[in-house]
2 protein chains.
Amino acid sequence: MSTFYGTIFLMNSKKQNSYHHGNLKESLLTTTLHMVESEGLDAITLRELTQRLGTSRSAVYRHFESKEALMKGVIEQGYTQLDKLFTPIFKDKSRSVEERFERMSRAYLEFAMEHPNLYRLLFGERFREEREGICDYRDETQATGLYALIGLLLEAQEVGIVEKADPMIQAATIWASVHGLASLLIDGHLMMSDNLEEIYRYMYISLLKGLR
Amino acid sequence: MSTFYGTIFLMNSKKQNSYHHGNLKESLLTTTLHMVESEGLDAITLRELTQRLGTSRSAVYRHFESKEALMKGVIEQGYTQLDKLFTPIFKDKSRSVEERFERMSRAYLEFAMEHPNLYRLLFGERFREEREGICDYRDETQATGLYALIGLLLEAQEVGIVEKADPMIQAATIWASVHGLASLLIDGHLMMSDNLEEIYRYMYISLLKGLR
DNA sequence: GAAACAATGTGAACAATGTTAACATTTAAT
DNA sequence: ATTAAATGTTAACATTGTTCACATTGTTTC
């Protein structure tokens with residue numbers, strides 16, 4: 001995912017010998033996201049963050065009410081990145097429904113495993129309040145949540161590879177499976193990295209089989 | 001789950017007018033578990049904890065190397081409680097395999113929803129290191145992890161309601177589904193408490209259907 | 001262009017947290 | 001009874017997020 005953060009270093013560097021940073025708010029969001037990804041949620045301290053940007057701690061409070069408000073902004077950025085990653089897969093009408101399904105679940109799991117810290121930020125136990133209003137699965141414009149999955153399910157129902165039933169409930173079923181596997185893996189509950197592919201295949205196949 | 005903590009109040013109260021507490025280590029573990037359950041992980045501070053027990057903060061360090069070591073002890077207690085809850089369901093040979101399956105998954109989900117904070121402590125993102133060595137699914141004596149589920153799956157394969165395949169992988173598939181649903185629910189990703197029963201039923205049925 | 005104002009950044013302080021070290025008290029062992 | 005070990009206390013420390021008074025820069029208004 002090098003494309004995600006390609007512009008970081010330009011944005012982070014403070015304008016030389018200037019009192020004002022220039023675009024501190026943006027830099028704060030981007031750098032925090034970067035730090036979360038590479039070092040985890042616990043590594044985020046305002047001191048470390050502002051030190052990297054060459055500003056003082058209290059400068060943060062000119063742009064965000066609190067650290068949590070900053071994190072809320074970072075979460076928003078994270079979901080945007082997710083959308084950018086997933087929307088093309090969902091909307092790629094050149095591929096069959098089956099293919100899109102397969103690619104979708106794979107991409108989801110891969111994202112979780114390649115960016116465990118970011119995944120925990122977006123879907124984990126912390127920042128539940130900060131997430132409110134950001135990740136609404138009923139928002140049609142968001143591919144992140146359940147909504148895009150529902151569209152795909154409706155197509156799948158037409159093609160006949162998924163039984164006709166409430167797509168919302170089917171989407172929840174699928175999301176639960178994939179999110180559950182991702183969570184168990186990145187949080188160290190399933191220590192089976194050797195046969196991960198096997199597990200994934202079995203889960204994916206039996207998942208579709210169960211929905212047929 | 002009132003039975004869990006029936007003895008707390010006796011154990012927590014300090015021996016009157018005595019320098020030594022009596023059983024501080026036990027009280028620390030029990031009270032912390034209680035606090036986690038009722039107020040969440042963030043509410044656990046050594047100050048609040050020791051104040052409730054009538055001791056000083058630093059007394060904790062006579063029994064635990066650090067706060068994290070204390071939490072590790074609490075996690076151990078939590079898994080013990082889970083085992084006590086689940087083992088009878090697993091081993092109740094008076095019931096059919098189907099019944100035990102159904103009761104098991106229900107009990108798991110109910111536990112997560114009734115004790116979300118405790119569930120997060122045991123299975124969430126935090127305390128991954130502290131969990132190490134405690135929750136090993138390969139330990140035959142633990143009903144908590146995958147092992148008991150594997151036993152049940154072998155029975156189910158005999159009866160014919162589950163196809164013959166690697167039970168470890170099947171167990172991972174089931175656990176992922178149930179854990180995924182539980183996590184999404186308690187962390188506010190599925191705001192559908194009204195039709196929760198419907199979702200659960202659909203997921204459970206399609207899960208079994210997929211494994212057949 | 002100068003003055004007034006808003007936006008943004010700084011430095012010193014604060015309270016809350018986990019942790020440690022030196023000392024006190026009780027219990028157990030010899 | 002004396003000594004040693006176990007257990008608890010007090011005072012301090014470093015780290016964290018946060019706030020407040022002040023400084024600097026950018027923008028608007030006349």
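No hydrogens, no waters, no symmetry mates; every other heavy atom, side chains included, goes into these values. Every chain is numbered from 1 and lettered A, B, ... according to where its sequence line falls, protein lines coming before strand lines. Note that this is a predicted model, so its numbers are computed, not measured.
- In this structure, the nucleotide among C:dT19, D:dG8, D:dT18 sitting nearest to the side chain of B:Leu46 is C:dT19.
- Listed nucleotides: D:dT19, C:dG9, D:dT9. Nearest to the side chain of B:Ala59: D:dT9.
- B:Leu24 has its CG atom 9 Å from the P atom of D:dT7, to the nearest Å.
- Rounding to whole angstrom units, NZ of residue B:Lys25 and P of C:dT27 are separated by 20 Å.
- Atom pair B:Arg57:CZ and D:dT10:P shows a separation of 10 Å (rounding to whole Å applied).
- For the pair B:Leu49 CG and C:dG18 P, the computed distance is 9 Å after rounding to whole Å.
- Taking the charged nitrogens against the carboxylate oxygens, B:Arg52 and B:Glu39 do have a contact shorter than 4.0 Å, which makes a salt bridge.
- The aromatic rings of A:Phe111 and A:His115 lie tilted to each other, with the angle between the two planes from 30° to 60°.
- Taking the ring axis of B:Phe64 as reference, the NZ or CZ atom of B:Lys25 stays within 45° of it and closer than 6.0 Å to the ring centre.
- Put simply, the side chain of A:Thr55 and the base of C:dT10 share no donor and acceptor less than 3.5 Å apart.
- Following rounding to the nearest Å, B:Asp42 (CG) and D:dT16 (P) show an atom-to-atom distance of 17 Å.
- A salt bridge is absent between B:Glu48 and B:Arg57; no separation between the charged side-chain nitrogens and carboxylate oxygens falls under 4.0 Å.
- Whole-Å rounding puts the A:Leu28 CG to C:dT8 C1' distance at 12 Å.
- Salt-bridge annotation for B:Glu102 and B:Arg95: absent, with no side-chain N of the basic residue lying under 4.0 Å from a carboxylate O of the acidic one.
- Contact check of residues 62-70 of chain B against DNA chain D (heavy atom, cut-off under 4.0 Å) returns B:Arg62, B:His63.
- Checked against the 6.0 Å centroid threshold, B:Tyr108 and B:Tyr119 count as a close aromatic pair.
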Any N/O pairs under 3.5 Å between the protein and nucleotides 14-16 of chain C? List them or say none.
none

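- Atom CG of B:Asn23 and atom P of C:dT26 are 18 Å apart (whole Å).
- Proximity of the aromatic rings of B:Phe123 and B:Tyr79 is defined here by a centroid distance below 6.0 angstrom, and this criterion is met.
- By the 4.0 Å N-to-carboxylate-O rule, B:Lys93 lies too far from B:Glu99 to be salt-bridged with it.
- Looking at B:Arg103 and B:Glu110, no side-chain N of the basic residue comes within less than 4.0 Å of a carboxylate O on the acidic one, giving no salt bridge.
- A straight line from OH of A:Tyr61 to P of D:dT16 spans 13 Å, rounded to a whole angstrom.
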